[in-house]
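Take a look at the structure set out below.
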Amino acid sequence: MKILVLNSGSSSIKFQLLTMPSEQVVCSGMVERIGSEISILRIKTETQNIKEEYSLKTHKDGLQKIVDLLLDPEKGVIQKPNEINAVGHRVVHGGDSFADTTLITPEVKEEIMEFATLAPLHNPHNLQGIQVSEQLFPQAEQVAVFDTAFHQTIPVKARKYAIPNTFYSEYGIQAYGFHGTSHKYVSEKAMAHLKKEKSKIISIHLGNGCSMTAVRNGKSVDHSLGFAPSNGLIMGSRSGDIDHSLIFHLVDTLGYKLEEVNQMLNRKSGMLGLTGYNDLRDIQSEAENGNLDCLLALEMNAYRVKKYIGAYAAAMNGLDAIVFTAGIGENSSLLRKMVCSHMEYLGVRFDDVKNESGSGSIFEINADGSEVKVLVIATNEELEIAKQAYSVLSTG
Ligand code: AMP
């Protein structure tokens, strides 16, 4: 069975075409920087490594370009769209409705749209991916894999907000958690690496969106994102934790409209708000050239991660491993070092050389003999989505 996996993020679409259940990757790639002047499309097949530049304004343009390339007589990997049996979609918010992977129906799409109010940077792109894919692959099954599903095991004491009970019981207001597919994938890899039956792992997903999960014995027990993917760590353009009274001050005293505050917190804050850049590569090179705003933003970012590590080690009464993953976590040795320095109290002994030179889909960056392992693990949400989609389709 050939499954095309689409992971439509806020400024990128990652894709993989896999043969299942052998997990053989036919091709993989991504469109990056959608909406910027120059978008980059990369595709890797068994025989080719292609990088092309386009101006892709929307996710729809990006997806169309991917499909054109898959079908291209010279560079492509399929002859006809009907060679694709199923398309697995990453969907960020499944609320209370979806604890599991599901086949997409008109009702499922309606619910995904309803949850767009809770994940405005993601669910609309995810839904657009589904709609375009239904047009381009009309014969294929469409399957949704929800980021919220892995976090269903978080105990009520950690997921409920201390607001009047009716908001929880009547409206389902609680911390749902996100990036579940990635946290599940890397924490399972970490458990296999540790070779320990019982384990306490902190998984740190640092990409455009950022989050941390406390994973005890393979189950998510706490997580830094909440009701929507907004709080916790400092992200590309989202503030993460703030004091909510700031919102009332901006609206009631300074005269901002609520929608302006919403836009500001979700789209103009985080690393972008602090530096003018939301790509960490730009921020790092600016900091190296003496840009103090960029340096401070990096320090703030690492400090926030460090605080959550302390909190989750306390919540789990110990720690076996810290895992860094996603675009920043896998590539920024600088941020990893800033986070892990001065954590000897927790049993973390960091190795600078391994941090700079490590490579591959999993590598250790702790010193030999460190009580706590520090691992860099390449996330593979696409493979996880394909596995789950295959499992739904093969069990009916
Ligand atoms: P993701 O959402 O996982 O695709 O991560 C995207 C983010 O990863 C980009 O916006 C960059 O900030 C960051 N990133 C990607 N490559 C690098 C790199 N080589 N060094 C530092 N940050 C990177």
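We use all heavy atoms of the structure for the numbers below, so side chains are in, but hydrogens, waters and symmetry mates are not. Start at 1 and go down the list; that is how both ligands and their atoms are numbered.
If you check which protein heavy atom lies closest to atom 11 (C) of ligand 1, you get D279 OD1, 3.4 Å. Scanning all protein heavy atoms for the shortest distance to atom 19 (N) of ligand 1 gives N331 CB, 3.4 Å. With hydrogens left out, the protein atom closest to atom 6 (C) of ligand 1 is N208 N, 3.8 Å, a heavy atom.
The closest non-hydrogen atom to atom 15 (C) of ligand 1, taken over E381, M271, K14, R281, comes from R281. If you check each of A326, G207, S12, S237 against atom 5 (O) of ligand 1, the one with the closest non-hydrogen atom is G207. Here the shortest heavy-atom distance to atom 8 (O) of ligand 1, taken over S333, G327, S332, belongs to G327.
The ring pair (Phe, Tyr, Trp, His ring centres under 6.0 Å) analysis of residues 34-69, with sequence neighbours excluded, yields the pairs H59-H125.
No donor-acceptor contact under 3.5 angstrom links the side chains of K189 and S187, judged on distance only.
Ring-centre distance between H183 and H223: below the 6.0 Å cut-off.
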Q | Stepwise side-chain contact (heavy atoms from CB on, under 4.5 Å) test for L319 and I202 | A | CA-CA 8 Å; L319 185 61; I202 296 177; 3.5 Å; yes
Q: Start with the C-alpha distance between D279 and N208, add both sets of side-chain angles, then the distance that settles side-chain contact (heavy atoms from CB on, under 4.5 Å), and finish with yes or no.
A: CA-CA 8 Å; D279 192 306; N208 242 323; over 6 Å; no
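Atoms of ligand 1 lying under 4.0 Å from any heavy atom of I328, numbered from 1 in the order shown and given with element: 8 (O), 12 (O), 13 (C). Listed by atom number, the atoms of ligand 1 under 4.0 Å from L280 heavy atoms are 11 (C), 12 (O), 22 (N).
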Acceptor/donor pairs from residues 100-107 side chains to any protein atom, 3.5 angstrom cut, sequence neighbours excluded:
from : atom 1 : to   : atom 2 : distance (Å)
T101 : OG1    : Q388 : OE1    : 2.7
T105 : OG1    : E107 : N      : 3.4
T105 : OG1    : E107 : OE1    : 3.3
T105 : OG1    : V108 : N      : 3.1

